[in-house]
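Notes follow the structure.
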Amino acid sequence: CGADTDRRCATKHRRRATIAATKLADMHANLYALGAIALWAGLASLGLALRHLPPFLLTGIALVIGSVPAWPLARSWKVPPGTLALGVSGLFGFHFLLFIALRTAPAVEANLVNYLWPLFIVVLAPVFLRGVALRPSHVIGGLLGFAGAAVAILGAGGSTGTWSWGYLPALGSAFIWASYSLLTKRVAPFPTAAIGLFGLISGVLSLLCHFAFETTPQVGGHDWALLAVMGLGPLGAAFFLWDRALKLGDARHIGVLSYLTPLLSTALLLLVTGRGLSWPIAVAAALIVGGAVLGTRSGRPRQVTPSAA
């Protein structure tokens with residue numbers, strides 16, 4: 001470059017440095033997101049292993065343990081009452097209904113129904129968010145996802161000969177997490193550390209419900225170990241990793257990565273339960289994940305992405 005083009009060369013160098021920094025941040029963001037997804041993939045299997053514990057007790061202990069990493073950041077827990085109510089209802093409602101579903105319905109099928117939540121986020125966005133329209137791709141994706149849930153449920157009913165009401169709480173957990181994720185876009189931004197407050201209050205509330213409505217069983221050392229893994233992993237570190245990923249990277253790309261979760265979670269459940277991969281499970285997983293990806297590819301709202309799971 002000549003002396004008269006030094007400024008232009010400097011601009012090019014800054015632009016290249018910015019692009020390189022962005023790519024590096026995106027790579028780190030994807031790693032954080034994949035870490036969170038890997039932790040969430042084990043949630044259903046852990047819940048299944050602890051299904052002998054009463055649901056309020058299981059939810060309460062796990063959520064309280066999950067809040068522990070945020071305790072040193074308690075000064076950042078100041079959030080408006082409405083945001084606090086949203087966070088508590090989202091964390092408490094989602095996990096409680098999921099654990100109910102895993103103990104009252106075939107675990108693999110109930111888990112697939114629960115993982116309609118990424119699709120719900122896309123389909124329900126026009127209901128919860130202003131300026132977001134429902135496009136044909138969203139409708140088609142929604143139909144594919146619900147068809148997948150129907151295949152999973154009917155396939156399980158054909159193998160057991162019975163219908164399980166446990167699919168209803170699985171569907172409810174999906175709706176709660178999707179609505180929570182969307183409504184967090186309508187409240188004032190809050191620090192990630194505040195999730196610790198949501199988890200702590202949700203856990204205490206669940207424990208109070210346990211003492212009021214359930215009988216306290218004996219919790220063995222193995223159970224405590226699984227509870228610690230569940231709390232510090234899927235209900236703890238995963239939230240921090242996910243938030244870090246969203247802050248560093250492209251939320252649209254990270255949102256698409258979240259659709260790996262039902263595949264990984266289902267594969268792990270099949271391994272844990274010793275079940276083979278039947279055609280209804282394979283078809284259901286393909287329809288649910290395919291519907292979710294289709295719903296986000298065309299005209300996906302930029303501000304909408306799963307906040308956690």
Side-chain angles (χ1 to χ4, degrees), residues 34 36-55 58-59 62 93-121 141-178 223 226-227 229-230 233-235 238 257-293 306 308-309:
L34 289 172
I37 289 167
L39 291 173
W40 281 328
L43 177 59
S45 296
L46 288 168
L48 183 63
L50 292 166
R51 65 186 182 277
H52 57 281
L53 297 181
L58 172 59
T59 304
F94 170 76
H95 293 103
F96 175 74
L97 290 178
L98 174 59
F99 296 148
I100 286 287
L102 290 174
R103 70 189 60 209
T104 55
V108 176
E109 289 81 358
N111 186 56
L112 282 173
V113 174
N114 166 69
Y115 275 110
L116 285 171
W117 65 257
L119 181 60
F120 276 171
I121 287 179
L143 292 175
L144 287 176
F146 286 117
V151 169
I153 293 172
L154 293 175
S159 63
T160 63
T162 59
W163 156 267
S164 175
W165 71 271
Y167 295 120
L168 296 180
L171 192 64
S173 67
F175 175 80
I176 286 178
W177 195 254
D223 294 335
L226 292 179
L227 286 167
V229 171
M230 176 186 286
L235 274 67
L257 285 177
S258 69
Y259 304 124
L260 290 172
T261 315
L263 294 178
L264 295 175
S265 182
T266 300
L268 186 57
L269 268 177
L270 290 173
L271 180 64
V272 169
T273 58
R275 291 180 54 181
L277 180 62
S278 62
W279 74 263
I281 295 299
V283 172
L287 288 172
I288 290 174
V289 175
V293 173

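With rounding to the nearest 0.5 angstrom, the CZ atom of Phe96 is 4.0 Å from the CD1 atom of Ile100. Rounding to the nearest 0.5 angstrom, the gap separating the CH2 atom in Trp40 from the OG1 atom in Thr261 is 7.0 Å. Interatomic distance, Phe175 CZ to Leu116 CG, rounded to the nearest 0.5 Å: 13.0 Å. We find the NE2-OG1 distance between His95 and Thr59 to be 8.5 Å, quoted to the nearest 0.5 Å. Summarising the geometry, atom OG belonging to Ser45 is positioned 9.0 Å from atom CG belonging to Leu43; distances are rounded to the nearest 0.5 Å. One distance of note links OG1 of Thr266 with CD of Glu109; it measures 9.0 Å at 0.5 Å rounding.
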Report task. Go through the steps for Ile281 and Arg275 under the test side chain to side chain contact (heavy atoms under 4.5 Å, CB included), then give the verdict. Result -> CA-CA 11 Å; Ile281 295 299; Arg275 291 180 54 181; 4.3 Å; yes
Query raised in the report: side chain to side chain contact (heavy atoms under 4.5 Å, CB included) between Phe99 and Leu48: does it pass, once the steps are laid out?
Result: CA-CA 8 Å; Phe99 296 148; Leu48 183 63; over 6 Å; no
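For the residue pair Ala101 and Ala110, the shortest heavy atom distance occurs at O-CB, 3.9 Å. Considering all non-hydrogen atoms of both residues, Arg103 and Leu50 come closest at NH2-O, 4.0 Å. Met230 and Gly47 make their closest contact through CE-N, 3.5 Å (heavy atoms, listed as atom of the first residue, atom of the second, distance). Contact record, Leu263 with Ala285: CD2-CB, 4.0 Å, taken as the closest heavy-atom pair. Taking every heavy atom of both residues into account, Pro234 and Ala238 meet most closely at O-CB, 3.7 Å. Considering every non-hydrogen atom in both Ala41 and Leu268, the closest pair reads O-CD2, 3.8 Å.
Of the candidates Leu227, Leu46, Leu102, Leu226, Leu58 forms a side chain to side chain contact (heavy atoms under 4.5 Å, CB included) with just one, namely Leu227. For the side chain to side chain contact (heavy atoms under 4.5 Å, CB included) with Ser265, the lone residue among Asn111, Val108, Leu112, Asn114 that qualifies is Asn111.
Two residues are said to be in side-chain contact when any heavy atoms from C-beta on lie closer than 4.5 Å; Leu98 and Phe94 meet this criterion.
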